[in-house]
Amino acid sequence: TYPKFQAMGNAAQFAVPYARQFCQGEGIDVGCNRLEWCFPGALPIDPNINQFDALNIPYSNLDYIFSSHCLEHVGNWVEVLNYWKTKLKPGGVVFLYLPDYSQEYWRPWNNKKHVHILSPQILVDYFNANNFNLVFASGVDLNNSFMVVAQYM
């Protein structure tokens, strides 16, 4: 059992109000799935909208990369974050909003579209080891999701 809205998409709607504090300037939304779900003011990166995806981004020197409920779908999330780092300017921000293990529906053995289940601590460890300053890592919200914000140095 799970709330129906969690299976309908647009999880970003729960993170956008907070993300506006960090995602300013020129940026992209990776994995938005639909134009109407794209982070306000961001350029969409999604094969459902254009020919781009998480490892094929035509922009660089970005102020931010916003991504909601995307990394759990990619084969190698470390490779993706390493690639995204090359697209940011120094001081640029990565804002991630991801499903939490607390929601059984989002576990890879229940949702075949998910190949990973990540946690704030795993991402904090990645960012600390990869020339980012951690800005914020949340706990689980009412959407059974969490946020991690890191700034590239």
Side-chain angles (χ1 to χ4, degrees), residues 1-25 27-34 36-48 53-55 57 62-88 91-153:
T1 61
Y2 53 90
K4 187 175 182 177
F5 68 84
Q6 288 181 332
M8 297 180 70
N10 195 19
Q13 67 183 311
F14 301 103
V16 165
Y18 191 71
R20 288 178 191 262
Q21 304 302 310
F22 302 100
C23 299
Q24 299 178 5
I28 59 175
D29 181 336
V30 181
C32 54
N33 191 266
R34 298 191 179 127
E36 61 269 23
W37 294 352
C38 188
F39 183 81
L43 298 165
I45 302 294
D46 193 289
N48 290 325
D53 61 35
L55 287 170
I57 297 171
L62 295 166
D63 294 305
Y64 69 87
I65 295 174
F66 175 89
S67 185
S68 171
H69 286 243
C70 176
L71 279 186
E72 70 275 13
H73 295 274
V74 301
N76 185 335
W77 65 268
V78 172
E79 177 185 17
V80 168
L81 289 179
N82 288 342
Y83 174 70
W84 289 1
K85 183 168 57 170
T86 71
K87 298 299 181 173
L88 289 169
V93 169
V94 173
F95 187 104
L96 300 174
Y97 186 57
L98 294 164
D100 188 76
Y101 186 81
S102 61
Q103 176 50 273
E104 289 182 19
Y105 171 69
W106 285 330
R107 297 175 188 173
W109 48 93
N110 294 328
N111 185 328
K112 301 304 182 200
K113 293 185 272 180
H114 292 187
V115 295
H116 304 288
I117 191 78
L118 297 163
S119 72
Q121 188 59 56
I122 289 169
L123 290 161
V124 166
D125 290 349
Y126 168 84
F127 286 125
N128 285 337
N130 285 280
N131 207 29
F132 282 85
N133 280 338
L134 181 68
V135 176
F136 179 79
S138 78
V140 180
D141 68 8
L142 296 175
N143 188 41
N144 295 96
S145 299
F146 65 90
M147 298 174 219
V148 177
V149 184
Q151 184 177 38
Y152 179 54
M153 302 314 297

Q: So, the side chain of Q103 versus the backbone of P99: is there a donor-acceptor pair under 3.5 Å, distance only?
A: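 Not at all, since once roles are kept as given, no pair shorter than 3.5 Å links the two residues.
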Q: Do Y18 and F14 have ring centres separated by under 6.0 Å?
A: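 Ring centres of F14 and Y18 not closer than 6.0 Å.
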Q: With side chains defined as the heavy atoms from C-beta onward, is the minimum distance between L71 and L81 less than 4.5 Å?
A: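 Yes, close enough: below the 4.5 Å cut-off.
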Q: For A54, give me all partners under side-chain contact (heavy atoms from CB on, under 4.5 Å), at least two apart in sequence or on another chain.
A: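 A54: side-chain contact (heavy atoms from CB on, under 4.5 Å) contacts with V30, V74, V80, W84.
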Q: Looking at Q13 and A11, would you say the former's side chain and the latter's main chain have a donor-acceptor pair under 3.5 Å?
A: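 Such a contact is absent between Q13 side chain and A11 backbone.
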Q: Would you indicate whether the side-chain heavy atoms of I28 and P44 approach each other to under 4.5 Å?
A: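 A side-chain contact is absent here, since even the closest heavy-atom pair is not under 4.5 Å.
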Q: For D53, which residues count as a salt bridge (Lys or Arg N to Asp or Glu O under 4.0 Å) partner, sequence neighbours excluded?
A: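 Listed in chain order: nothing, the list is empty.
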Q: Looking only at atom types and distance, does a side-chain atom of Y97 sit under 3.5 Å from a main-chain N or O of V148, one as donor and one as acceptor?
A: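 Checking the backbone N and O of V148 against the side chain of Y97, no donor-acceptor pair under 3.5 Å is found.
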Q: Heavy atoms, side chains only, cut-off 4.5 Å: are V94 and V149 in contact?
A: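 Heavy-atom side-chain distance check fails, nothing below 4.5 Å.
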Q: List for me each residue that meets ring-ring contact (aromatic ring centres under 6.0 Å, His included) alongside F39, sequence neighbours excluded, and say none if there are none.
A: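 Per chain and number, F39 pairs via ring-ring contact (aromatic ring centres under 6.0 Å, His included) with Y64, F66.
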Q: What residues, two or more places apart in sequence or in another chain, satisfy side-chain contact (heavy atoms from CB on, under 4.5 Å) together with E104?
A: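 Testing E104 for side-chain contact (heavy atoms from CB on, under 4.5 Å), a comparison that skips the adjacent residues, returns R107, N110.
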Q: May I ask you to test the L98-E72 pair for a side-chain heavy-atom distance under 4.5 Å?
A: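 Counting from C-beta outward, L98 and E72 do come under 4.5 Å.
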Q: Closer than 3.5 angstrom, by distance alone: can the side chain of N143 be matched with the main-chain N or O of S145 as a donor-acceptor pair?
A: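 No, because the side chain of N143 does not come within donor-acceptor range (under 3.5 Å) of the backbone of S145.
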Q: Quick check: closest heavy atoms across R20 and Q24, and the distance to 0.1 Å?
A: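 It is O-NE2, 3.0 Å.
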Q: Are any non-hydrogen side-chain atoms of K85 and F132 less than 4.5 angstrom apart?
A: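 A side-chain contact exists here, since the closest heavy-atom pair is under 4.5 Å.
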Q: side-chain hydrogen bond (donor to acceptor under 3.5 Å, both in side chains): which pairs involve residues 121-133, sequence neighbours left out?
A: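 Found N82-Y126, Q121-D125.
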Q: Of all residues at least two apart in sequence or in a different chain, which pass the side chain to side chain donor-acceptor pair (under 3.5 Å) check with S102?
A: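 Per chain and number, S102 pairs via side chain to side chain donor-acceptor pair (under 3.5 Å) with D100, N144.
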Q: With sequence neighbours left out, what residues match Y101 under ring-ring contact (aromatic ring centres under 6.0 Å, His included)?
A: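 In terms of ring-ring contact (aromatic ring centres under 6.0 Å, His included), with neighbours along the sequence ignored, Y101 is linked to no residue.
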Q: Test of understanding: with side-chain contact (heavy atoms from CB on, under 4.5 Å), list the residues that count as partners of N111, not counting sequence neighbours.
A: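 Expected list: Y105, W106, K113, H114.
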Q: I'd like to check the ring-ring contact (aromatic ring centres under 6.0 Å, His included) partners of F146; sequence neighbours left out, ordered by chain and number.
A: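 Listed in chain order: nothing, the list is empty.
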Q: Minimum heavy-atom separation for P120 and A137, please, with both atom names.
A: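 Smallest interatomic distance, heavy atoms only, reads CB-CB, 4.5 Å.
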Q: Just to verify, which of M147, Q151, Q21 counts as forming a side chain to side chain contact (heavy atoms under 4.5 Å, CB included) with V135?
A: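 Considering M147, Q151, Q21, a side chain to side chain contact (heavy atoms under 4.5 Å, CB included) with V135 is found only for Q151.
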Q: Hey, mind stepping through W77 and I122 against side chain to side chain contact (heavy atoms under 4.5 Å, CB included) and telling me if it holds?
A: CA-CA 11 Å; W77 65 268; I122 289 169; 3.6 Å; yes
Q: How far apart are the C-alpha atoms of D29 and D46, what are their side-chain angles, what is the distance that settles it, and do they pass the side chain to side chain contact (heavy atoms under 4.5 Å, CB included) test?
A: CA-CA 8 Å; D29 181 336; D46 193 289; over 6 Å; no
Q: Who are the side-chain contact (heavy atoms from CB on, under 4.5 Å) partners of E79, not counting sequence neighbours?
A: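 For E79, the residues satisfying side-chain contact (heavy atoms from CB on, under 4.5 Å) (neighbours in sequence not counted) are L55, N76.
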Q: Kindly indicate whether the side chain of L123, heavy atoms from C-beta on, has any atom under 4.5 Å from the side chain of L96.
A: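 L123 reaches L96 side chain to side chain.
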Q: From I45 CD1 over to S67 OG, what is the distance, rounded to the nearest 0.5 angstrom?
A: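 So the gap between those two atoms works out to 10.5 Å.
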Q: For I57, is there any backbone N or O sitting under 3.5 Å from a side-chain donor or acceptor partner on K87?
A: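 At least one qualifying donor-acceptor pair exists.
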